Amino acid sequence: MKNKGQADGPPLSDGISRKETENVCLKRELGLPSAVSLIAGTMIGSGIFMSPQWVLYHMGSPGASLLIWASCGLLAMLGALSYAELGTVIKESGGEYIYILRTIGPPLAFLLAYTSVIVVRPAGIAGISLSFAEYVVASFYPDCPSPTIAVKCTAAACILVLSIINCLNVKLSTSIMNIFTTAKLLVLLLIIVGGMVLLAKGHTQGLQNAFDNTATGFGPVGVAFYQGLWSYDGWNNLNYVTEELKKPEVNLPRAVMIAIPLVTCLYLLVNVSYFAAMTPRELLSSDAVAISWGVKLLGTWTWIISLGVALSTFGSANGTFFTGGRLCFVAAREGHLPDVLSMAHVKRLTPAPALIFTTAISLIMIIPADFSSIVNFFSFTAWLFYGITISGLLYMKIKRPDLPRPYKVPIVIPIIVLIASVYLVLAPIIGSPQLEYLYVVLFILSGLIVYIPVVHYKWSPKWFRSVTLQLQLLLQVVPTNKND
């Protein structure tokens, strides 16, 4: 493994001069609008169109489910504000990985990278791509179930298109992100306006006796939080690309303060619209709440909702892909993954090897008949690592108060997020204990088998450097420096 942050690899041939390989780093292409779009566009995926009935199912009443949606937004906001302080102190890409590495140490950071790069991020990309594919393919099979092979091939095509886009140009990827975010906001506004019209006409039966039959158990509330937080997933994505953000000390907090309250308000209003159009019983019996809403209000124009969901999932997949490749890239740059994954294209300045690797793992994730259980059992690990990250922030605030902080949150905010993280890790295990959670923990700890010889003792096969050089020449990539 190489020393982190050094561009000490060999220059490329094929007409590329040594000078072109020096001082290569990812460009700061993201301004405030693109930063807001990245957060909001990744958060708004298929969740708000599909999962409201599951929040209602676990909570038992419309009023309690709305409280869960609002609480999830508040928790995402508090977490993002805490991350904003971390991102303005540690101005490096990589999100939780780089923060845990700098505040707690390499072993835990490696376990995060190991789990995220191999399973969590690729499974997330594959899952969102499959959701996109199901909506696209279903339009060609209106009277029968969509063929599985057609859905999986469409999902694979989606991943390959995203890979090409992100490998070609950062601006192209962010432009697509901005366009698709605008489109999905318009669809949400359509649902909200439809609901407001119904409420104005007196359709309030879905909101009457709003708190009857509310569940109060430790387990159901925790599971309902998971269902809601799935729709807020992406609140921390901007921290994965800090080195590509213009003026991160200014734009990181601003983007968070704009995007997350916006998404929270939209989610609450969309849920109110669902309850205006459907009774709780109708909502619980629906397989796709947004489509059921469209059938009742739009009739033959329901295809607009289907198109909106497809656009929403594609845009969310693009944002997840964009940031997921950066985690792999930064972990390799720090010596925790093969060196070639830390390199960038000499002219396009995109982390092509990391993106290609993420593509390959994501395509493999599409193959199993059902991998959703893997994603479900690993979802609680996200809040485990969020909690570890927030612990690092609290350690810095107590032990390193002298560090310059362009942006600072009151210490009570990370404490609340840490308590919530502990609750969200324990709730599904206590509420619905399953042996699979033990398997997940064992998988995470199995990363130490790789970490000890390869990272700690820096063992590397002799042929590995030769393979790295050949891949460098093939992909026209070079080692990168960090952005100041």
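Nothing here was measured: the structure is a model prediction, and the numbers come from that model.
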Under the ring pair (Phe, Tyr, Trp, His ring centres under 6.0 Å) test, residues paired with Tyr232 that sit two or more places apart: Tyr267
Modelled atom types, side-chain donor and acceptor of Thr313 and Ser131, under 3.5 Å: no
Test ring pair (Phe, Tyr, Trp, His ring centres under 6.0 Å) applied to Phe180 - qualifying residues, sequence neighbours left out: Phe314
Contacts of type side-chain hydrogen bond (donor to acceptor under 3.5 Å, both in side chains), residue Tyr114, not counting sequence neighbours: Ser446
Check: Ser93 and Ile98 side chains under 4.5 Å, non-hydrogen atoms: no
Min side-chain heavy-atom separation Val119-Met365 under 4.5 Å: yes
Residue pairs passing the salt bridge (Lys or Arg N to Asp or Glu O under 4.0 Å) test where at least one lies in residues 310-329, sequence neighbours excluded: Glu244-Arg326
Any donor-acceptor pair under 3.5 Å from Ser37 side chain to Pro33 backbone: no
Pairing residues for Ser175 by the side-chain hydrogen bond (donor to acceptor under 3.5 Å, both in side chains) criterion, not counting sequence neighbours: none
Rounded distance (nearest 0.5 Å) linking atom NE2 of His336 with atom CG of Leu112: 11.0 Å
Distance in Å, Met396 CE paired with Leu394 CG, rounded so as to fall on 0.5 Å steps: 10.5 Å
Pairs flagged by ring-ring contact (aromatic ring centres under 6.0 Å, His included) wherever residues 234-263 is involved - sequence neighbours left out: Tyr83-Trp235, Trp235-Tyr386
Minimum heavy-atom distance between Gly94 and Leu327, given as atom pair plus value: O-CD1, 3.9 Å
Phe322 and Leu30, any side-chain heavy atoms less than 4.5 Å apart: yes
Check residues 158-167 and write down every donor-acceptor pair under 3.5 Å in which the side-chain atom is one partner and the other belongs to a residue at least two apart or another chain.
{"from": "Ser163", "atom 1": "OG", "to": "Thr359", "atom 2": "OG1", "distance (Å)": "2.9"}
{"from": "Asn166", "atom 1": "OD1", "to": "Ser173", "atom 2": "OG", "distance (Å)": "3.0"}
{"from": "Asn166", "atom 1": "ND2", "to": "Leu162", "atom 2": "O", "distance (Å)": "2.8"}
{"from": "Asn166", "atom 1": "ND2", "to": "Asn318", "atom 2": "OD1", "distance (Å)": "3.2"}

Where Pro479 and Met343 come nearest, the two heavy atoms and their spacing: N-CG, 3.8 Å
From CA spacing to verdict: side-chain contact (heavy atoms from CB on, under 4.5 Å), Leu188, Phe49: CA-CA 9 Å; Leu188 290 180; Phe49 302 105; 3.8 Å; yes
Gap separating the CG atom of Leu229 from the CE atom of Met43, nearest 0.5 angstrom: 9.5 Å
Whether Thr42 side chain and Ile39 backbone form a donor-acceptor pair below 3.5 Å: no
Main-chain N/O of Ile44 paired to Ser312 side chain as donor or acceptor, under 3.5 Å: yes
Side chain Ser342, main chain Asp339, donor-acceptor under 3.5 Å: yes
Side-chain heavy-atom pair Arg102, Val89 within 4.5 angstrom cut-off: no
Gap separating the CD atom of Glu92 from the OH atom of Tyr97, nearest 0.5 angstrom: 10.0 Å
Parallel, tilted or perpendicular: rings of Phe110 and Tyr451 (30°, 60°): tilted
Worked check of side-chain contact (heavy atoms from CB on, under 4.5 Å) between Ser316 and Phe132: CA-CA 10 Å; Ser316 182; Phe132 165 79; over 6 Å; no
Contact summary for Pro248 and Thr242, nearest pair of heavy atoms: CB-CG2, 3.8 Å
Beyond-backbone contact of Leu75 with Trp383, side-chain heavy atoms, under 4.5 angstrom: yes
side-chain contact (heavy atoms from CB on, under 4.5 Å) between Met177 and Leu38, intermediate numbers included: CA-CA 7 Å; Met177 212 154 24; Leu38 174 61; 3.3 Å; yes
Qualifying residue for side chain to side chain contact (heavy atoms under 4.5 Å, CB included) with Glu96, from Ile390, Asn236, Leu86, Leu101: Asn236
Partner set under side-chain hydrogen bond (donor to acceptor under 3.5 Å, both in side chains) for Glu85, not counting sequence neighbours: Lys397, Arg405
Ring pair (Phe, Tyr, Trp, His ring centres under 6.0 Å) partners for Phe329, two or more places apart: none
Flag side-chain contact, heavy atom, 4.5 Å: Asn239 against Leu252: yes
Partner set under side-chain contact (heavy atoms from CB on, under 4.5 Å) for Leu78, not counting sequence neighbours: Leu74, Ile413, Ile416, Val417
Heavy-atom closest contact (Tyr99 atom, Gly87 atom, distance): OH-CA, 3.3 Å
By side-chain hydrogen bond (donor to acceptor under 3.5 Å, both in side chains) - contacts of Ser71 (at least two apart): none
Donor-acceptor contact present, side-chain Lys184 to main-chain Gly41, <3.5 Å: yes
Residues in ring pair (Phe, Tyr, Trp, His ring centres under 6.0 Å) contact with Trp54, at least two apart in sequence or another chain: Tyr57
side-chain contact (heavy atoms from CB on, under 4.5 Å) evaluation trace for Leu185 with Leu266: CA-CA 9 Å; Leu185 289 176; Leu266 288 173; 3.4 Å; yes
Ile361 vs Val117 side-chain heavy atoms within contact, under 4.5 Å: no
Residue pair Leu81 / Val256, side-chain heavy-atom distance below 4.5 Å: yes
Side chain Asn271, main chain Leu66, donor-acceptor under 3.5 Å: no
Spacing of CG belonging to Leu238 relative to CG belonging to Leu245, to within rounding of 0.5 Å: 5.0 Å
Gap separating the CG atom of Leu337 from the CD1 atom of Ile118, nearest 0.5 angstrom: 8.0 Å
Over all atoms of both residues, closest heavy-atom pair of Leu418 and Ser391: CD1-OG, 3.5 Å
Heavy-atom closest contact (Thr88 atom, Glu249 atom, distance): CG2-CA, 3.6 Å
